[in-house]
There are 4 protein chains.
Amino acid sequence: MMELGMVGLGRMGANMAQRLARQGHSVIGQDPDPQARRRIEDEGLRSVADLPALVQALAAPRVLWLMVPAGAAVDETLDALLPLLGPGDTIIDGGNSNYRDTTRRARRLEDAGLHFVDCGTSGGVWGLAEGYSMMVGGEAETVERLRPIFEALAPAPDQGWGHVGPVGAGHFTKMVHNGIEYGLMQAYAEGFAILHHKKDFALDLPQVAESWRTGSVVRSWLLDLTARALADDPSMAGLQPWVDDSGEGRWTVAEAIDLDVPAPVITQALIARLQSRDGEAFADRLLAAMRHQFGGHPVKTA
Amino acid sequence: MMELGMVGLGRMGANMAQRLARQGHSVIGQDPDPQARRRIEDEGLRSVADLPALVQALAAPRVLWLMVPAGAAVDETLDALLPLLGPGDTIIDGGNSNYRDTTRRARRLEDAGLHFVDCGTSGGVWGLAEGYSMMVGGEAETVERLRPIFEALAPAPDQGWGHVGPVGAGHFTKMVHNGIEYGLMQAYAEGFAILHHKKDFALDLPQVAESWRTGSVVRSWLLDLTARALADDPSMAGLQPWVDDSGEGRWTVAEAIDLDVPAPVITQALIARLQSRDGEAFADRLLAAMRHQFGGHPVKTA
Amino acid sequence: MMELGMVGLGRMGANMAQRLARQGHSVIGQDPDPQARRRIEDEGLRSVADLPALVQALAAPRVLWLMVPAGAAVDETLDALLPLLGPGDTIIDGGNSNYRDTTRRARRLEDAGLHFVDCGTSGGVWGLAEGYSMMVGGEAETVERLRPIFEALAPAPDQGWGHVGPVGAGHFTKMVHNGIEYGLMQAYAEGFAILHHKKDFALDLPQVAESWRTGSVVRSWLLDLTARALADDPSMAGLQPWVDDSGEGRWTVAEAIDLDVPAPVITQALIARLQSRDGEAFADRLLAAMRHQFGGHPVKTA
Amino acid sequence: MMELGMVGLGRMGANMAQRLARQGHSVIGQDPDPQARRRIEDEGLRSVADLPALVQALAAPRVLWLMVPAGAAVDETLDALLPLLGPGDTIIDGGNSNYRDTTRRARRLEDAGLHFVDCGTSGGVWGLAEGYSMMVGGEAETVERLRPIFEALAPAPDQGWGHVGPVGAGHFTKMVHNGIEYGLMQAYAEGFAILHHKKDFALDLPQVAESWRTGSVVRSWLLDLTARALADDPSMAGLQPWVDDSGEGRWTVAEAIDLDVPAPVITQALIARLQSRDGEAFADRLLAAMRHQFGGHPVKTA
């Protein structure tokens, strides 16, 4: 059993702390928000408010798992942690950091004698119950030392996680994972939209989704979720057609182009999301204007 | 000089009749609508109300140019004309017929001893002044006989028209022409949308369009029209983002797939138009629902 | 238990006949090919060579499951069967027929007093062991009468199949199912291609695929197969980049356009397959020529 | 008439120097390569080998036009020029610099009391004869002072160039210009590929291109060049299907995503170029492997 400090007790961090604790690991959570701390304390876990308290509470060599928002928050956390830690301590970044940031941070931590491991983590709100999929980057020796942690967080000790390459490789792989996710989601969404618009068949969409969940070539966990969503609201009338993107899809597209890899489907899945939020639709207005110019085609005035 | 009956005096038919008459050809127009007839009579052309009158007014061997809406109207016109015409008469379909219909009709007319020529016609409302671009399909001898007509309608006798292949080839070529048009329009629309959204540069879009109209690699007639549209309304606030499609774009996409030719840009240009009219956006709603299911991501309720 | 005639003993038909027989149903197979018959006879099933023998061997009211190649073969089989069958008999088309053909055939069979049910069937070579996913179209009463058959073929009696709408709806749904499949496959393929080309990380692709198979958002049956393929040949050096398409993808794209539904990802997935087989690449050659024309850019001569 | 130093005498720089000189401006060219210098000297222009000589040869306040490859070469040239120049001197970057670099460089030059103007330049090898299209960014006063230069380089004094916004805006606009160019080129290439593959019509492609050049909606300068290329080699057999990209297309795609602007056509045009160079086609191989896994579909082994 290992001892681990969980930095950041948002939904993901709190759930992961709990899953580790349930499997017998000793986890101390840290978050400045008292409500966030209370949630895991209600589950019997110990928590502290700040990083110095966390570091003090852990025995060296320490293991800290960062579960803070990607971007500036990671750098700020590292800024705060570095003076507190010493050689041999290990930091795992389990968030959705850009792999280029990870590579840069790895050099900094290495210079300070620390070990740095990046862990792309998938599973969302279901991970506490079902286990997380983890793509781990870092030195083989360090990853091996952390094996009990990954085995506890994974769906099963030997499933759903892997050491995929050097530091940075974990976040790179997670980025691509999310790019694929965009493509898969869009494929299902388009398919159900076609079924929905075939009005003369009055297709039973929840039934279709259920039929596909077992036996079919398109069965998947995302389809399971889609079936739940369709069962709740077959016409989707309760939701606005507004689809956010959290960054990793666009990173994947940028990376594909950077590597000269054609990725039309992942790219179009991202573009579909941009489109869903493009309330102004300047291009479409200009197209209407052009058609009017050359063909006298009717337009709809605003 | 030749004698020709123009069947259909809509905007296109009336303009073409006028252009032919201005160049010295003898044109009789036909349209059941008195207003349509009056427009060309005001220009000094003769017109009749029905097809029997038109056929009677023309000396054999007759030349009839059909400028009626693609689809059923062409077949109905041919049904009405066939009993009235005799061997050696020629029918030119100058509309946007599907080339498969044209091939089918050609067999029927050939059996009746008639000549059939298909002419894909581009130029829109500008054709009267600037001349039309024409892609002509049919037997070489027949096309050669009609040469004075094409030379009069074209921007210049030896420019803007050509005999491109057997009957059907004219409409096929026009279909692809329109598919290209979709791609060109979408490329400009996207580019100007990017410029429009770069708010910190406050770019002068009419000025940009003007700068490109001469000397640049992207200069074109569509750009000239785009410049006019942007000069009228740089923010496009006066128009709704609703873009129709008139059939030839989707035929081009279907044909590309049928021929196993990858045509991603023409296809995406068509899809962008479908998107502009997809008020329900079922796919986007379902995507939002999926994201909520797996990640607890926030959604906008309707 | 029910009695059923299986028309066509190819891989799919033979496997389905066996699965039905294993669950206690009485199945007689029919195929002109002695080898195809011998395969199911080795499994203890009875078979006949021609349709008259099959019809004679079944007690009225008969149930016949067609598992013949989509297209002309279905019509030919119906031509042969119709004179042999009588009112009350039922034909199920379990193949990948175009739903428009199915609707047309339904009218013909209905006129003859027969019942017609269409069943889109997914599962491929794995169906015998794991069960098939089936999307069933037809009259509620008829489908209900056939319930034991669907329950036996499905992964579990109440899973993996459903009555989704009227006749035609089963094949329509299967068509869209395959369209989605194209999108899913392409999304995975692009993702792994990006990982493959990130040479400096030397990613362990089989390990990545394994990590994703449990716990991750992208877990699916297609990913399970992808993991097997990558484990066999991580560099894919043994295969040519040549991807066939079996028709339903292009039907889905055509249908989406016909229904005005934007489906960029399914469409691009189809286009990617066309591209994989476009050895001539005329468009790319022409692009190279254009670049040379306007910019003097270097080209590679053939 | 103005005096101007042209830094970089490659094809573009040499041609622009000549066009300026022909219109009466006093141009001194600079290039370390004696052959490059000789070319403009043969045209009666003066040239020098290095930057100190160039700066010394110009009277203050100096105007220098940089026509060096985008990227490091621009920074190196600025590093070398800065110590040589004084307040009031002006540098114009006429190359294809990334607008973000331009914004950064502008701050540096401004700190040194210099004026900095960015000019996106289009026209390629044809500019010497036809004039260049120029999108100019910078302070209004500075751009106004340089007006005679732009008027001389443009197709006509009041055509083909414009002051589109602050420094950076010129290169931003040129970047988008090139993105549009990608889309236009791909649209034509796809269209002609469809025509080429309609073998039963044996279409005369050079004739088609000629017919479209006047009167049609798709007429453009790129079409003029396409017609030349097709006239030279209608089957494109002489060229390999290998299409390079020079950076601005991918910058446009990245910028569109950054601004949340859906740009499917420009993006697919870029992806088509990546595809043309993707000899390995890993994704296609993996797709073939997946199809084999689930359906036993035949594959082509390498």
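Chain letters run A, B, ... following the sequence lines, proteins first, then strands; residues in each count from 1. Predicted model, so just to flag it, every value in this text is computed and none were measured.
- Interface remark: A:V265 contributes backbone and side-chain atoms alike to the contact with chain C (heavy atom separation under 4.5 Å).
- Of the two parts of A:V167, only the backbone, made up of N, CA, C and O, holds a non-hydrogen atom closer than 4.5 Å to a non-hydrogen atom of chain C.
- Among C:V217, C:I266, C:I194, C:V176, the residue making the largest number of heavy-atom pairs under 4.5 Å with chain A is C:V217.
- Comment: A:R100 engages A:E255 in a salt bridge, judged by a side-chain N to carboxylate O separation of less than 4.0 angstrom.
- Checked for salt-bridge contact, A:D224 and A:R219 miss the test: no charged N lies under 4.0 Å from a carboxylate O.
- Taking 4.0 Å as the cut-off between side-chain N and carboxylate O, A:K198 and C:D260 do not count as a salt-bridged pair.
- Looking at C:E210, only its backbone comes within 4.5 Å of chain A, counting heavy atoms on both sides.
- For C:T252, the parts sitting under 4.5 Å from any heavy atom of chain A are the backbone and the side chain alike.
- In terms of heavy-atom pairs under 4.5 angstrom with chain C, the leader among A:L223, A:L259, A:L225, A:D204 is A:L259.
- Ranked by heavy-atom pairs under 4.5 Å with chain A, the first of C:A256, C:G162, C:P264 is C:P264.
- Highest contact tally toward chain C, considering only A:S211, A:G215, A:A187, A:G183, is held by A:S211 [criterion: heavy-atom pairs under 4.5 Å].
- At a threshold of 4.0 Å, the pair A:R107-A:E110 does not count as salt-bridged, since none of the basic side-chain nitrogens sits closer than that to a carboxylate oxygen.
- Contacts of C:K199 with chain A are absent, with no heavy-atom separation under 4.5 Å from either backbone or side chain.
- Interface summary for chain C: among A:G191, A:S133, A:P262, the most heavy-atom pairs under 4.5 angstrom belong to A:S133.
- For C:M185, no part lies under 4.5 angstrom from a heavy atom of chain A.
- Defined by atom type and a distance below 3.5 Å, a donor-acceptor pair is present between the side-chain atoms of A:S220 and A:Y188.
- Under the 3.5 Å distance criterion, with hydrogens and angles disregarded, a donor-acceptor pair is assigned to the side chains of A:T102 and A:H171.
- Heavy-atom pairs under 4.5 Å with chain A peak, among C:P155, C:G165, C:A154, C:A269, at C:P155.
- Proximity to chain C (any heavy atom under 4.5 Å) is shown, for A:R213, by neither the backbone nor the side chain.
- Contact of A:Y182 with chain C is not made at all, since no heavy-atom distance falls under 4.5 Å.
- Using a 30° and 60° split on the angle between ring planes, C:W212 and A:H177 fall in the perpendicular class, above 60°.
- The aromatic rings of C:F150 and C:W161 lie parallel to each other, with less than 30° between the two planes, well short of the 60° mark.
- Panel note: side chain C:H163, backbone C:G137; no donor-acceptor pair is recorded below 3.5 Å.
- Considering only heavy-atom pairs separated by less than 4.5 Å from chain A, the leading option among C:A272, C:G168, C:A156 is C:G168.
- A salt bridge does not link A:D244 with A:R273: every distance from a Lys NZ or Arg NE/NH1/NH2 to an Asp or Glu carboxylate oxygen is 4.0 Å or more.
- Contact annotation for A:M175: neither backbone nor side-chain heavy atoms come within less than 4.5 Å of a heavy atom of chain C.
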